[in-house]
Amino acid sequence: MNRIGISSYTEDRLAALMQELGQPAFRARQLFRWLHAKQVGSFSEMTDQPKALLAALKERFFIETLAVQRRQQSRDGTVKYLLRLPDNNCIETVWMRYSYGNTVCVSTQVGCRMGCRFCASTQGGRVRNLTAGEIAGEIYAAARDQGERVSHIVLMGIGEPLDNFDNVMDFLSIISSPNGANIGMRNISLSTCGLVPMIEKLAGRRLGLTLSISLHAPTNEMRSAMMPVNDAYPLEQLIPACRAYQKTTGRRISFEYSMVNGVNDSPGTARRLASLLRGMGAHVNLIPINPVDGSPYSASDAANIRRFQTMLTQLGVNATVRRRLGTDISAACGQLRREEAGQTADGTA
Ligand code: SAH
């Protein structure tokens, strides 16, 4: 069975497919609505489509639906899902409730090859990229399970979104379409560990999303020790790429900074960070690191984080301490999948 995932098709590709099948153009929009607005799981639910068309589609295509394998519910309403993909690989998706709406944190790859030393998602390397339809399917599975609408998306789950550039771009086109889930770019954040050529490529697309950089350290020595990607794209390339991104898109970048006790949380480091980012109008999110098995890092304490924040603010850099949701299910991102993989010999569920 080598059928193709039709939920990964953008509206343009569906239009080309309908043309190829000799169908009128409006069928493409109808199909797209079934897949991404009504989010059906089978062709037979598309009740207004000609039987012959559905039969032809069924032969060549399938709908990429994800099943809930496990669910961890936090007292504050955060839900962490382990979702099973059509090929039985599993990924994690998180549902978060904020005052401004429901936010889903999606994975973009099965595993990751970026090798950040503090991150559980990268420990087994990268298995494969997710397709656009699978990433959208994470949102549909969570919304279906919760029985509620999703208003915001963050691409901050397992994987490096810019290491799966084309599928992520198709996903963004699909999910933001008014004919589909209609989640606008202003409500989408994409987080990257700092793949400079891809940041430049993304700038060229001029999307209205929020770009977030996982910075975590203001010097190459400190950052390379935490994130091997810094050897390929050191700060003297990353920061100018961020400035250029802001100039091209007119959108401010935010920086993630996970605080590690005794590693990147001293007053001297706060001063270095402030001078690195000065004049960018940047926003820094401070997050206590979530310790993972096999990592030497432990979290900075709350007083240290507050002192770091105060120093940054005094030095002219806007910084907030990220409110932590789901602390009672606080297994760091990637740990649920690793746990599940550990239960079977071949790494699948
Ligand atoms: N690959 C992308 C997106 C996924 S990681 C990126 O690197 O940005 C999402 C965020 O979680 C990143 O800022 C990442 O550095 C951070 N992160 C990963 N593991 C963490 C941990 N154990 N504790 C705190 N933050 C972590």
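Counting starts at 1 for both ligands and their atoms, following the listed order. It should be emphasised that the depicted structure is a prediction, and the values quoted were computed from it without experimental measurement. Hydrogens, waters and symmetry mates play no part in the numbers below; they use all other heavy atoms, side chains included. Quick note: residue numbers are just sequence positions, from 1.
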query = Stepwise, does the side-chain hydrogen bond (donor to acceptor under 3.5 Å, both in side chains) test hold for Gln246 with Arg243?
reply = CA-CA 5 Å; Gln246 295 198 148; Arg243 290 182 193 274; over 6 Å; no
task = Look at ligand 1 and say whether Gly159 reaches it with a heavy atom at a distance under 4.0 Å.
result = yes
remark   = Within 4.0 Å of some non-hydrogen atom of Cys193, the atoms of ligand 1 are 6 (C), 7 (O), 8 (O)
remark   = To atom 13 (O) of ligand 1, the nearest of Ser214, Ala299, Pro288 on a heavy-atom basis is Ser214
key: Asn264: side chain to side chain donor-acceptor pair (under 3.5 Å) partners, not counting sequence neighbours   = none
key: Ile287 near ligand 1 by a heavy-atom separation under 4.0 Å   = no
query = Asn290 heavy atoms, cut-off 4.0 Å: which ligand 1 atoms fall inside?
reply = 21 (C), 22 (N), 23 (N), 24 (C)
query = So, the side chain of Gln123 versus the backbone of Gly294: is there a donor-acceptor pair under 3.5 Å, distance only?
reply = no
note = Residue pairs meeting salt bridge (charged side-chain N to carboxylate O under 4.0 Å, His left out), one or both in residues 134-162, sequence neighbours left out, come to Arg71-Asp145, Arg97-Glu148, Arg128-Glu134
key: Contacting atoms of ligand 1, where contact means under 4.0 angstrom from a heavy atom of Phe118   = 15 (O), 17 (N), 18 (C), 19 (N), 20 (C), 21 (C), 22 (N)
inquiry  = If the cut-off is 4.0 Å to any non-hydrogen atom of Cys119, which atoms of ligand 1 fall inside it?
reply    = 18 (C), 19 (N)
request  = Kindly indicate, with the supporting measurements, whether the criterion side-chain hydrogen bond (donor to acceptor under 3.5 Å, both in side chains) is fulfilled by Asp301 and Asn261.
outcome  = CA-CA 7 Å; Asp301 62 42; Asn261 185 28; over 6 Å; no
key: Per-atom contacts, ligand 1 versus His216 - under 4.0 Å to a heavy atom   = 13 (O), 14 (C), 15 (O)
ask   = Does some non-hydrogen atom of Gly157 fall short of 4.0 Å from ligand 1?
value = yes
query = Looking at Val292, which atoms of ligand 1 are within less than 4.0 Å of one of its heavy atoms?
reply = 22 (N)
ask   = Hey, would you say the His152 and Tyr100 ring centroids sit under 6.0 Å apart?
value = yes
ask   = What atoms of ligand 1 come closer than 4.0 angstrom to any heavy atom of Glu256?
value = 13 (O)
ask   = For the side chain of Asp170 and the backbone of Thr10, is there at least one donor-acceptor N/O pair under 3.5 Å apart?
value = no
task = Would you confirm whether Asp163, through its side chain, and Cys112, through its main-chain N or O, come within 3.5 Å as a donor-acceptor pair?
result = no
